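In what follows, a single structure is set out as structure tokens and then discussed.
Computed over heavy atoms, backbone and side chain alike; hydrogens, waters and symmetry mates excluded. Proteins come first, then strands; the chains are lettered A, B, ... in the order of their sequence lines, and each starts at number 1. These figures come from a predicted structure and were not determined experimentally.
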There are 2 protein chains.
Amino acid sequence: MGRNKAFSRDQAVDSVMHLIWSQGYQNCSVKAVSEMLGITRSSFYHSFGSMESLFIEVLKRYYVHSPFCAFDQINEQGDILKEICTVFQNICVARVTDKEAKGCLMINSIIELVGSNDILSPPLSSSVDVVLTRLKRLLNAANMQEKLNEKEVEQKALALLNLLIGINVSGKFIKDYEQLWSSTRLSLQSLGVYNADYNMT
Amino acid sequence: MGRNKAFSRDQAVDSVMHLIWSQGYQNCSVKAVSEMLGITRSSFYHSFGSMESLFIEVLKRYYVHSPFCAFDQINEQGDILKEICTVFQNICVARVTDKEAKGCLMINSIIELVGSNDILSPPLSSSVDVVLTRLKRLLNAANMQEKLNEKEVEQKALALLNLLIGINVSGKFIKDYEQLWSSTRLSLQSLGVYNADYNMT
DNA sequence: TATATATTGTACATGTATGTACATTACTTG
DNA sequence: CAAGTAATGTACATACATGTACAATATATA
């Protein structure tokens, strides 16, 4: 019972995600967000509580749009390393293609907020942990023959994460696909993830 | 002739640098900065014109504090690759040591501003170009025997820049030196920059 | 159809933020 | 020491921003 919402929460979270994505969290005031949603600030507070709690909701939603998510789709029975490379390649395409140079919302937010926002730092940090854990799992699965030890897997996973972050930032000023991808491929190849046989261009 | 400034411009730029560094550019209002400097906003505008122009001044000043600057100090006659590794190692130390998790001002600002601030995007992007050019030069100088071609040098330089960016961001949530450095070392080693003989721990 | 209730809107009090016009101050040079 | 000038301060007009109290609205259920 009670009155119906004048807006779809799903759509709202989605458009707020895009706003924060392109403008940064700190640049999104309750006023601006409310106006974009076509509701009053009063309704905003009633529905979402605060910008922080809305952002946490956005963050969960973002995951399915994130470069990280693609790692979850990888079939562990297939050629894992090749699929990892494909994910990286797709990220290069996405970064070069995006005219707004938005980059990755999660990475952007980490830089913007971790260390300064006590409420949002924990969820952001733990989001990264998830990715790191996932990468370790993939590397271990791909590792049946190579036999890296636990520490080496961890190092390599973090190296891949660093590369992921690097690309997402470089994409802000490097708009040439060939340049971005070829250096990414070089890094992947060096780390033993890319194989010349893959022949990706 | 005329009245003396009540503050040292040098000190002012320096403290504004640290404020922006720890809080982010967008979080530093003219009001807050003026109050920190102990001057009125009126004086601020008179002395600096705008936050944007002050930031450009800060950016120049930052360079000598930046991880990038260390590359300029490298003696091209010595063991260039080893010195590059030392720079990376020092960055790992700096990131892990910094309790505020500030990261690199330049990288932070790129993520925060490139693509959204039309005035500050160009100086930020060109700052990166300087670093990339410097890295290419170092790699070429270290390359006398290896004979990489132009493209390969460019790829490797960008790979190093990506690594640099990755570390600076990872340092926000990874506070264990061993973890950060060992994965960085792995990346450097993979790229043929680190040599097991260096024996850096 | 009446009523409970979730949603929305209005209004308020308060603080922050920006940029400028104009007056004041203090110092330097002739 | 007088005059010119750079630096500073005051005041204003305007807009943005936050969070809440209270009233109005719409709808599902009884």
Side-chain angles (χ1 to χ4, degrees), chain A residues 1-59 61 108-109 112-113 116-121, chain B residues 1-59 61 108-109 112-113 116-121:
Chain A
M1 58 185 87
R3 188 170 170 175
N4 286 339
K5 273 194 169 68
F7 63 98
S8 144
R9 190 183 185 93
D10 256 33
Q11 281 178 23
V13 171
D14 213 69
S15 49
V16 171
M17 178 184 79
H18 281 94
L19 192 69
I20 296 179
W21 199 350
S22 65
Q23 314 225 324
Y25 176 79
Q26 321 241 37
N27 249 6
C28 295
S29 63
V30 173
K31 181 182 199 277
V33 168
S34 302
E35 282 172 357
M36 183 192 65
L37 296 179
I39 61 176
T40 59
R41 283 181 300 120
S42 183
S43 289
F44 174 92
Y45 285 115
H46 183 85
S47 294
F48 301 109
S50 66
M51 270 299 280
E52 275 92 358
S53 59
L54 174 53
F55 181 75
I56 290 172
E57 202 168 334
V58 163
L59 208 57
R61 169 73 57 91
N108 295 353
S109 302
E112 192 181 355
L113 301 170
S116 67
N117 186 311
D118 294 338
I119 297 173
L120 298 177
S121 291
Chain B
M1 58 184 92
R3 189 170 170 174
N4 285 339
K5 273 194 168 70
F7 64 97
S8 143
R9 191 183 185 93
D10 256 34
Q11 281 178 23
V13 172
D14 213 69
S15 50
V16 171
M17 178 184 79
H18 282 95
L19 192 69
I20 296 178
W21 200 350
S22 65
Q23 314 225 323
Y25 175 80
Q26 321 241 38
N27 249 6
C28 295
S29 63
V30 173
K31 181 181 199 280
V33 168
S34 302
E35 281 171 358
M36 183 192 65
L37 296 178
I39 61 177
T40 59
R41 281 182 301 121
S42 184
S43 289
F44 174 92
Y45 285 115
H46 187 268
S47 294
F48 302 110
S50 67
M51 270 299 281
E52 275 92 359
S53 58
L54 174 54
F55 181 74
I56 290 173
E57 202 169 333
V58 162
L59 208 57
R61 169 73 57 91
N108 295 354
S109 302
E112 193 182 354
L113 301 170
S116 68
N117 186 312
D118 294 337
I119 297 174
L120 297 177
S121 291

Checklist entry - How is Phe44(A) classified with respect to the nucleic acid when contacts are heavy atoms under 4.0 Å: base, sugar-phosphate, or nothing? => result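 Answer is nothing: Phe44(A) stays at 4.0 Å or more from every strand.
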Checklist entry - What is the nucleic acid contact for Ser29(B), judged by heavy atoms within less than 4.0 Å: base, sugar-phosphate only, or nothing? => result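 Counting heavy atoms under 4.0 Å across all strands, the contact made by Ser29(B) is with sugar-phosphate only.
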Check for a donor-acceptor pair, side chain of [X] on one end and backbone N or O of [Y] on the other, with a separation under 3.5 Å.
{"X": "Ser116(B)", "Y": "Gln23(A)", "result": "no"}
{"X": "Gln26(B)", "Y": "Gln26(A)", "result": "no"}
{"X": "Arg61(B)", "Y": "Asp10(B)", "result": "yes"}

Of the candidate nucleotides [options], which contains the atom at the shortest distance from the side chain of [X]?
{"X": "Val30(B)", "options": "dT28(C), dT8(D), dT18(C)", "result": "dT18(C)"}
{"X": "Lys31(B)", "options": "dG9(D), dC16(D), dA17(C)", "result": "dA17(C)"}
{"X": "Ser43(A)", "options": "dT16(C), dG19(C), dT8(C)", "result": "dT8(C)"}

Checklist entry - When you check the phosphate oxygens OP1 and OP2 of dT18(C), does a side-chain N or O of Ser50(B) lie under 4.0 Å from one of them? => result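 Checking Ser50(B) against dT18(C): no side-chain N or O falls below 4.0 Å of OP1 or OP2.
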Next on the checklist: So, OP1 or OP2 of dT28(C): does either fall under 4.0 Å of a side-chain N or O from Asn4(B)?
Outcome noted: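 Yes, within the criterion.
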Take the protein atom [atom1] of [X] and the nucleotide atom [atom2] of [N], then report the distance between them rounded to whole Å.
{"X": "Arg9(A)", "N": "dA6(C)", "atom1": "CZ", "atom2": "P", "value": "15 Å"}
{"X": "Leu54(A)", "N": "dG19(D)", "atom1": "CG", "atom2": "P", "value": "13 Å"}
{"X": "Phe48(B)", "N": "dA6(D)", "atom1": "CZ", "atom2": "P", "value": "17 Å"}
{"X": "Leu37(B)", "N": "dT8(D)", "atom1": "CG", "atom2": "P", "value": "11 Å"}
{"X": "Glu35(B)", "N": "dG9(D)", "atom1": "CD", "atom2": "P", "value": "13 Å"}
{"X": "Gln26(B)", "N": "dT16(C)", "atom1": "CD", "atom2": "C1'", "value": "16 Å"}
{"X": "Arg41(B)", "N": "dA15(D)", "atom1": "CZ", "atom2": "C1'", "value": "12 Å"}
{"X": "His46(B)", "N": "dA7(D)", "atom1": "NE2", "atom2": "C1'", "value": "6 Å"}

Item to check | Closest-nucleotide 5' rank along DNA chain C - winner of Tyr45(B) and Ser47(A) | outcome: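 The answer here is Ser47(A).
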Next on the checklist: For the CG atom of Asn27(B) and the OG atom of Ser22(B), what is their distance to the nearest 0.5 Å?
Outcome noted: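 Reported value, rounded in 0.5 Å steps: 9.5 Å.
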Checklist entry - Any donor-acceptor pair under 3.5 Å joining the side chain of Ser42(B) to the base of dG9(D)? => result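 A donor-acceptor contact between them is present.
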Checklist entry - Do Glu52(A) and Ile56(A) touch side chain to side chain, with heavy atoms closer than 4.5 Å? => result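 No, side chains not in contact.
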